[in-house]
Peer 1: 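Encoded as structure tokens, here's the structure I'll be asking about.
In listed order, ligands and their atoms are each counted from 1.
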Amino acid sequence: MTLTDPTTSTTTATSTTAPDLDAARAALRARLLADRVLIDLGSPGLYGRTGVFERVYTAVDAAAVNSQQDLDAEVLRFPPVEPLAAFERTDYIASFPDLAASISGFTGDDRTHRALLAARERGERWEGFLEPADLMLTPAVCHPVYGLVGDTIPQEGRFFDIVGDSFRREPSLDPMRLQAFHMHEFVHIGTPASAQQHRDGRIPVMRELLESFGLEIDVVPANDPFFGRVGQMLARNQVEQALKFEFVTPVYGDDHPTTAISSANLHEDHFGTSFGLRTADGEVAHSACIAFGLERITIALFAAHGTDVDAWPAPVRAALAL
Ligand code: ATP
Ligand code: ZN
Ligand code: MG
């Protein structure tokens, strides 16, 4: 099977990738597969994971949680799909239609089933016989929380610890860009000041943690990959207003673009307005979230230190309790 990489740079979506960047990505991917860290599932950006991957992944997540212990955040877990109604209120489809994905199911009768099977027999695609269900794959794990907190947020705000599956339709041969992955988020909903404080106050803590893993980290203003021409404007605004910061690391060496392995995001009143959230003083609630990209941190570690975990530098193993 030959696959072409449809993505552009990992951190920006401006130019097509240099051939040697593609080669560097292919080399890391080949190494992770050859060393049985990941298992190719035959679709770009979808992998099975072996014991060595899980060992590091679990350690990364535990260290991330440990670093945010002082927040005393409320733990919430959600399934990998969300109701369409909840998805709608996030406005995700307006900004990222190309990344969104929905669930479909079969609702037909025997006749339709026979037509489906006949199409399948002819080697044709049969998913057209499925009907959209009112479920979407969750693209960002904090989304479900905003619909669950009630209308009024206490003045001191609330903190949430949320980890779960994210799905984004961005097939790629870059092992750092998966279609199905996990992020561990620490979300705050509160006043404009407390949301800003959450986003800003966590940045040094996150940086220190990621550096303790022996990774070279830069914290840079960033934008989400908003779709289309209007999206370019939104992306510029996001950078100008310094709403999003990414923790980037040079996975493919200093000559190539860095990759974001975590982010810290200020949503201002975006979710507060969409979900009708107010703080006790009657003002629209603001929110912020920090997100650890668990697979990206894990793979960045393999890229930096190799696939033999027992041979990693002692301080790195100590930071990860490995
Ligand atoms: P990028 O610019 O690289 O696409 P993003 O801005 O879309 O990243 P966020 O929406 O901030 O990423 O998601 C939080 C974190 O989740 C990212 O910092 C990254 O570590 C991780 N992440 C995002 N997209 C992917 C993906 N396709 N595969 C693996 N991890 C991802
Ligand atoms: Zn979030
Ligand atoms: Mg992205």
Peer 1: Of all the N, O or S atoms in E185, which one sits nearest to the Zn ion (ligand 2)?
Peer 2: OE1

Peer 1: Find the distance between CZ (F247) and CG (D218) and round it off to the nearest 0.5 Å.
Peer 2: 10.5 Å

Peer 1: Are any side-chain N or O atoms of H188 and backbone N or O atoms of R158, one a donor and one an acceptor, separated by less than 3.5 Å?
Peer 2: yes

Peer 1: Taking the six-membered ring for Trp, are F271 and H143 ring centroids under 6.0 Å apart?
Peer 2: yes

Peer 1: Strictly under 4.0 Å, does any heavy atom of Q179 approach an atom of ligand 1?
Peer 2: no

Peer 1: With no hydrogens and no angle check, is any side-chain donor or acceptor of T50 less than 3.5 Å from a backbone partner on V37?
Peer 2: yes

Peer 1: Test your reading of the model: is there a side-chain donor-acceptor pair from R89 to the backbone of G147, 3.5 Å cut-off?
Peer 2: no

Peer 1: Hey, does E185 have a side-chain heavy atom less than 4.5 Å from the side chain of I290?
Peer 2: no

Peer 1: Whether R177 and E170 form a salt bridge (side-chain N of Lys/Arg under 4.0 Å from carboxylate O of Asp/Glu) is what I want to check.
Peer 2: yes

Peer 1: So, are R202 and D70 salt-bridged, with charged N and O less than 4.0 Å apart?
Peer 2: yes

Peer 1: Please work out, at 4.0 Å between heavy atoms, whether the side chain, the backbone, both, or neither of R296 comes within that distance of ligand 1.
Peer 2: side chain

Peer 1: To the nearest 0.5 angstrom, please state how far the CZ atom of F181 sits from the OH atom of Y47.
Peer 2: 13.5 Å

Peer 1: Backbone, side chain, both or neither: what part of D224 comes under 4.0 angstrom of ligand 1, heavy atoms only?
Peer 2: side chain

Peer 1: Quick one: does ligand 1 sit under 4.0 Å from the side chain of R168, the backbone, both or neither, non-hydrogen atoms only?
Peer 2: side chain

Peer 1: Out of F292, F247, F181, indicate the one that has the non-hydrogen atom closest to atom 26 (C) of ligand 1.
Peer 2: F181

Peer 1: Could you tell me whether I261 and ligand 1 have an N or O pair separated by under 3.5 Å?
Peer 2: yes

Peer 1: Is the closest basic N to carboxylate O distance between K244 and D224 below 4.0 Å?
Peer 2: yes

Peer 1: Report whether any nitrogen, oxygen or sulfur of C289 sits less than 2.8 Å from the Zn ion (ligand 2) (N, O or S, backbone or side chain).
Peer 2: yes

Peer 1: Evaluate E170 for polar contact with ligand 1, using N/O atom pairs at a separation under 3.5 Å.
Peer 2: yes

Peer 1: Taking only heavy atoms of G293 into account, list the atoms of ligand 1 that are under 4.0 Å away from them.
Peer 2: 16 (O), 20 (O), 21 (C)

Peer 1: Counting from 1, what ligand 1 atoms have a heavy atom of K244 closer than 4.0 Å?
Peer 2: 6 (O), 9 (P), 10 (O), 11 (O)

Peer 1: Could you see which bit of E246 sits under 4.0 Å from ligand 1, with heavy atoms only: side chain, backbone, both or neither?
Peer 2: side chain

Peer 1: Going by the order shown, which atoms of ligand 1 are within less than 4.0 Å of some heavy atom of M176?
Peer 2: 28 (N), 29 (C)

Peer 1: Is there a polar contact between ligand 1 and L178, counting only N or O atoms under 3.5 Å apart?
Peer 2: yes

Peer 1: Within 45° of the six-membered ring axis of F245 and under 6.0 Å from that ring's centre, is NZ or CZ of R199 located there?
Peer 2: no

Peer 1: For A304 versus L215, what's the shortest heavy-atom pair and its separation?
Peer 2: CB-CD2, 3.9 Å

Peer 1: I'd like to check which ligand 1 atoms, numbered from 1 as shown, lie under 4.0 Å from a non-hydrogen atom of A291.
Peer 2: 14 (C)

Peer 1: So for ligand 1, is N265 a polar contact partner (N or O within less than 3.5 Å, distance only)?
Peer 2: no

Peer 1: Is the Zn ion (ligand 2) under 2.8 Å from any N, O or S atom of C142?
Peer 2: yes

Peer 1: At a 4.0 Å cut-off, with the gap strictly under it, does some heavy atom of A140 reach an atom of ligand 1?
Peer 2: no

Peer 1: If you measure from each non-hydrogen atom of S262 to ligand 1, which part falls under 4.0 Å: side chain, backbone, both or neither?
Peer 2: backbone

